[in-house]
Structures are given as structure tokens and as C-alpha cells.
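I have placed the structure first, in the form of C-alpha cells, so that the comments after it can refer back to it.
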Protein chains: 2
Amino acid sequence: MAETRWLDEREQRAWRGLLAMHTQLTARMHRDLQADSGLSLADFDVLVQLTDQAEPSLRFGDLAEALQWEKSRLSHHLARMEKRGLVSRKPSKDDARGNIVSLTRLGRTAIEQAAPAHVEKVRHLVFDQLDENQVDTLAAITEAVLARLNAPRAASAERAGHDGTAA
Amino acid sequence: MAETRWLDEREQRAWRGLLAMHTQLTARMHRDLQADSGLSLADFDVLVQLTDQAEPSLRFGDLAEALQWEKSRLSHHLARMEKRGLVSRKPSKDDARGNIVSLTRLGRTAIEQAAPAHVEKVRHLVFDQLDENQVDTLAAITEAVLARLNAPRAASAERAGHDGTAA
DNA sequence: ATCCCATTGGTGATGTGTCAACTAATGAGC
DNA sequence: GCTCATTAGTTGACACATCACCAATGGGAT
């Protein structure tokens, strides 16, 4: 096994920066959102998905898929949101296993009231600090990394120490 | 109040990409690290800080500062790590309120065994996917956003809707 | 119709992170 | 050498995320 290739100076700068930025950015947005509207970032994401639909109700599974959340996570989270009256769940008629998740009036009010300030915050904190080239480069970076994360055979390629193209 | 400036296409691409990348990247690295070594990412960060010091022990507060963690968080986390034998805490002689946190033999072994694979994973998943310009741009982006996050008067500037330079 | 098993979603345990409230030791001012 | 605000660190309550497992339904193959 070859020696570890550590990160050089520039890579460390980018890596540490990325971690610090994400931590501080989400912490800040979470605190502000919570203070403004009583919603968490997770609540916000759920409510956005329900609002984006033509119908403000979705199959549980479709919602999980749209959010890219595990079902277990969504189940726990909806239980908390339901207790607070933001969403409601009722059994589906088509499939007695299925649940339909709907936005309540309270949930709709909450998201409509919270969204503008939240978007403005993203703009102020992030995009107002970047030029066009940086925005596009950021998008390209994320897409490259996501492509690698979702690449097939990634695990064995990592162990073998070369890229995924088979011999 | 002016109408909300929503994100345009390109900004959404970058923003969603950033969130998705971070979520998937940390999930992946956490799972792999856990499977390889039984450590969480948080454990790893704590152990790295203790290892990077000349002395493998630190004042509790200095450790919290180095990690940029709240004291409460660190206290809870060290309690769990201590239970697993990765670190030890003992009262400081200089200041009877203070605690000295030390790496145990088990903790040292764990980090030394885990670090190389972890670094390689960062390299494979991230830096091998990027060119030099992208790495530097990423660093610049994170620094710009972090500067804004830590800017004084940021909160009132956001409410007022202009930047922080006073009238 | 029956058997099987894949799918839908929920549950409990545990680890993690934040907030608010707390205890104990310190040290400045008198 | 007291008084008392400050500092160091802990604790408990709660929200959140993951894992492993479970219950019920659905939909085939026979």
C-alpha cells in the first residue's frame, strides 16, 4: 500500500473552508429561521415540497423521495410536525399501506410567511458575496463531486486506488 | 418592503448542489469512517485536535475553541468518548475549574489507524474531481461567505436591506 | 384461493447538537 | 478577607438523524 497522499496547502484551505462555511451558514440560517417563524430548516424543506406540488398533498413515499430522506427520518419528522399542526397524515384509499401527507392551513401560512426572508438570507449571505463566475464554478464543483458520489463501483474503486473504469 | 429577490436558475443550481453535495458527502464519509474504525466524524475531529498538539492534552476550553464547538456540545461529546475509552478528563492543577483532556492509548491508536483512509477518501471524492482553478475558486468562495457571516452589524444590515457600511 | 415475499410505513434505541439553567472556582474591588 | 460578577464546565430537556427491526398490505405464482 502506497503512502497516504495528504492534502496540500491549497486543498486544505478549500476543504476547511467548505466545512466551516457549511457549519456556520446552516447554523445561522437555522437560528434566524427559527426566530422568525418557529420553523426548523427541516420543517422548511418539508413544507416547500408540499407547496411546490400542484396538489398540496403527497404520498408519504413520494415526499421521502423528493426530499431524499430516509422513510424513517420522514416518519419521525412528520410525527413532530403533525403534533404542531403543520401537516396532517391520512391513510390512502388506493393503497391501505400508504399515507397521504397534506399541508394544513397553519402549515401553509407558516411557509408563506417564512419563505421570503429565508430566500433573502441566502442571497445576502451567499450570492451577494459571489460573482457570476464563482456561482457557475460552484455549481460545476458540486456536480462533479455528486457525480463521483453516485458513480457505480465507487467503493471498490476506492479500495483499489484507481478510478472506476474496469480493467 | 420590496418584493423578494428569488434565486435565478444558475443560483438555484449552485445552491441546491451545495446542499446536496454536503449532505451526501458527509453521510458517505461518516458511514465509511464508522465502518472502518468505529469513529464518528465528530470523534475524528476531536482526536485530530488532540493529536495535532505537541502535547496530546488540552484544556477543555482550548479544545472547544480549536474545534469551534460550543462548550456544551464538547462536554456531552467527551462524556461519550470517555465512556468508550478514547479520551480521558482530569481536573487541572492550575485552575480547579478547568479540565485537561488527554488522548488515551486507545484514542491514539484509533486516529492513527483511521486517518489515512479518511484523507484518501476526501481526495478521491473531492479533489480528484476538481482542477486547480476550481480548488482555488472554492477556497475563495468559502472565504467570502465566511467573511460575510462573521461581519459585524450583519444582523441589522440584513434587516435594513443594504450592506453593513454605516451611513 | 393460498402462499410468499416485496413494499409501505412506523417504532425504539442510540448518538448527536442546541438551548437554558445550573454549580463551583476565580479574581477584581473594596 | 469579603462580596460578587465572571469564567469553566456540566446537566437535563428536547429536536434531529440513523439503524435495525417490525406490522400490515399488496400482488404475484401456483
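Letters go in sequence order (proteins before strands), and every chain restarts at 1.
Remark on DNA chain C: of its neighbouring residues A:Ala27 and A:Asp95, the 5'-side contact belongs to A:Asp95, judged by nearest-heavy-atom nucleotide. Where A:Asp94 and A:Leu74 meet DNA chain D, the nucleotide closest to each residue was compared, and A:Leu74 sits on the side nearer the 5' end. Nearer the 5' end of DNA chain C, as judged by each residue's closest nucleotide, is the contact made by B:Asp43, out of B:Asp43 and B:Ala96.
Although no hydrogens or angles enter the test, the distance criterion places no donor-acceptor pair under 3.5 Å between the side chain of B:Glu143 and the main chain of B:Ala140. Under the 3.5 Å distance criterion, the side-chain polar atoms of A:Ser57 are left unmatched by any main-chain donor or acceptor of A:Val101. Using modelled atom types, one side-chain atom of B:Thr26 and one backbone atom of B:Thr23 make a donor-acceptor pair closer than 3.5 Å. Remark: side-chain polar atoms of B:Arg123 are paired, donor with acceptor, to backbone N or O of A:Trp6 under 3.5 angstrom. For the pair B:Gln129 (side chain) and A:Ile141 (backbone), a donor-acceptor distance under 3.5 Å is absent.
Between the CZ atom of B:Phe60 and the P atom of C:dA24 there is a distance of 18 Å, rounded to whole Å. As a whole-Å value, the separation of B:Gln24 CD from D:dA17 P is 15 Å. Following rounding to the nearest Å, B:Leu86 (CG) and C:dG15 (P) show an atom-to-atom distance of 12 Å. Atom P of nucleotide D:dA20 and atom CD of B:Gln34 are separated by 11 Å, given to the nearest angstrom. Here D:dT18 presents its P atom at 15 Å from CZ of B:Arg28, a figure rounded to the nearest Å. The distance from atom CG of A:Leu39 to atom P of D:dC16 is 10 Å, rounded to the nearest whole Å. As rounded to whole Å, 15 Å separates atom C1' of C:dT11 from atom CD of A:Glu82. Computed from coordinates, the B:Asn99 CG to C:dA24 P distance equals 15 Å when rounded to whole Å.
Closest to the side chain of B:Arg31, out of C:dG10, D:dC19, D:dG9, is D:dC19. If you check D:dC16, D:dC19, C:dG10 against the side chain of A:His77, the one that comes closest is D:dC16. Here the nucleotide nearest the side chain of B:His76, chosen from D:dG9, C:dG15, D:dG12, is D:dG12.
At a threshold of 4.0 angstrom between heavy atoms, the contacts of B:Arg89 are confined to the sugar-phosphate backbone, with no base atom among them.
Of the side-chain N and O atoms in B:Lys71, one or more sit less than 4.0 angstrom from OP1 or OP2 of D:dA8. Of the side-chain N and O atoms in A:Arg59, one or more sit less than 4.0 angstrom from OP1 or OP2 of C:dG9. For the pair B:Arg73 and C:dT16, the criterion of a side-chain N or O lying under 4.0 Å from OP1 or OP2 is not met.
Between the side chain of A:Arg97 and the base of C:dT7, a donor-acceptor pair under 3.5 Å is found. Checked by distance alone, A:Ser40 brings no side-chain donor or acceptor within 3.5 Å of a matching partner on the base of D:dC16. Residue side chain B:Ser75 does not reach the base of D:dT11 through any donor-acceptor N/O pair under 3.5 Å, judged by distance alone.
Using bins of under 30°, 30° to 60° and over 60° for the plane-to-plane angle, the ring pair A:Trp69/A:His77 lands in the perpendicular bin.
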